[in-house]
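Position 1 is the first residue of the sequence, and the numbers go up from there. As the structure lists them, so they are numbered: ligands from 1, and atoms in each ligand from 1.
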Amino acid sequence: MEFRDLKRQYQILKQDIDKAISEVTASGAFIMGKNVKELEASLAEYVGVKHCLSCANGTDALTLALKAWGIGAGDAVFVPDFTFFSSAEVIALEGASPVFVDVLPETFNINVKSLQQAIKAVKAEGKLNPKAIIAVDLFGLPADFEQIKAVAQQEHLLLLEDGAQGFGGSIKGQKACSFGDISTTSFFPAKPLGCYGDGGAVFTNNDEWADLITSYRVHGKGTNKYDNIRIGLNSRLDTLQAAILQVKLRAFAEQELELVNQVAHRYDSQLKGVITPCIPEHFTSSWAQYTLRLKDNAERTALQTFLKSRDIPSMVYYPTTMSDQTAFKDSKHYVETPTSHLLAQTVLSLPIHPYMTEAESQTVIDAVLSFLN
Ligand SMILES: *Cc1c(COP(=O)(O)O)cnc(C)c1O
């Protein structure tokens, strides 16, 4: 059994993907070919946002947003302590200071009370300028943007949605990657919508930021390509990846999102005795991960070992909080993050993907239940 079976997905989409790839190779337009613009238009329409700008990966997408906002030294950016490294890394890379905030035990997403405490602590200290919040849609579930937006407005902070894992999720029918002032996603192969290498995208309704990101992603170009008006990146999405994503986005919207939710539903209805993921009312997940919470670290280790003995892969996302990362050992901690630390010790993600058969999910369920008994 595969944790996320990309080979099976390829076999199912093979005809269309092979055709898309050979059309690009025949065209010779490998950089910024027509597929890139077409994909951006489809993504913007799917998400329901005015501008979509593709780029080289999900980390660059976050960096491009911070650059468009001019975030740098002396600025505080609030970010969950329990996330993938990129969410916090990009803040430090721009010279700004990440301020780690705790998450909720039920949804794994940012805890608004902890966010408010962190903002208060930064203001009280008076050294950093609070500038932005990066809210992560962890494991496919959108963060609670109604509450987060209220805080952002009250505190005059910009809101960046890190939707690297969230693409396809929704709140009250509104799609993920549309909730931030700027939102981003990643097309890393194992994400809900993945390409065959690295890729990413930025979403915004703001014309001015879209123009800036268009410039930043190609070496800070001006209207003339050889007139560079700012320092930027080389961060484009390859035409080949765009062509692959056009096929994959169609499959994602037509069947995969629905299919992966069916697998999650089978897990939810049969896994008793462990804490299964909580999807709040009016929220939907795109199931980047299906993540259990165990009683303690010993139980997690024992379950993972037991699953392995039955050839069932499982993963720990994430074993280390941001505040415990070696690279952030000198960062100041403004609030305690006990839930993030607890989750790092007790979470375990099970195999999930749209093309997982009922028999496969049953094998996983039976193994977890027999472990618990
Ligand atoms: C994967 C991921 C990223 C970075 O995406 P890349 O395409 O790998 O650069 C950023 N944030 C989160 C939450 C992620 O899971």
Are the ring centres of Phe139 and Phe108 closer than 6.0 Å?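 Yes, ring centres under 6.0 Å apart.
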Before we go on, tell me: are the rings of Phe328 and Phe100 under 6.0 Å apart, centre to centre?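 Distance test on ring centres: under 6.0 Å, yes.
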How far is [atom] from its nearest protein heavy atom, and which residue and atom is that?
atom                    : answer
atom 2 (C) of ligand 1  : Lys191 NZ, 2.5 Å
atom 9 (O) of ligand 1  : Thr59 OG1, 2.5 Å
atom 10 (C) of ligand 1 : Ser86 CB, 3.4 Å

Does Tyr334 have Lys332 sitting over its ring (NZ/CZ under 6.0 Å from centre, angle to axis within 45°)?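 Here Lys332 passes the 6.0 Å and 45° test against Tyr334.
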Is there at least one pair of N or O atoms, one from Gly58 and one from ligand 1, spaced under 3.5 Å apart?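 Gly58 vs ligand 1: N/O contact under 3.5 Å present.
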Plane angle bin for Tyr46 and Phe167 - parallel if under 30°, tilted between 30 and 60°, otherwise perpendicular: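 Phe167 and Tyr46: parallel rings.
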For the residue pair Phe84 and Tyr318, categorise the inter-ring angle as parallel (less than 30°), tilted (30 to 60°) or perpendicular (more than 60°).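 Rings of Phe84 and Tyr318: tilted, as their planes differ by 30° to 60°.
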Below 4.0 angstrom from a heavy atom of [X], which ligand 1 atoms are there? Numbered from 1 as shown, please.
X      : value
Val136 : 13 (C)
Ser186 : 5 (O), 6 (P), 7 (O)
Gln165 : 13 (C), 14 (C), 15 (O)
Ser87  : 11 (N), 13 (C)

Under a 4.0 Å heavy-atom limit, does Asp162 contact ligand 1 with its side chain, its backbone, both, or neither?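 Under 4.0 Å from ligand 1, Asp162 contributes side-chain atoms alone.
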Relative to ligand 1, is Asn57 under 4.0 angstrom through side chain, backbone, both or neither, heavy atoms considered?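 Within the 4.0 Å criterion, Asn57 contacts ligand 1 through backbone and side-chain atoms alike.
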With side chains defined as the heavy atoms from C-beta onward, is the minimum distance between Glu94 and Leu66 less than 4.5 Å?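 Sidechains of Leu66 and Glu94: in contact.
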Is Phe252 reachable from Ile244 through a run of hydrophobic residues whose side-chain heavy atoms are each under 4.5 Å from the next?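 Hydrophobic grouping puts Ile244 apart from Phe252.
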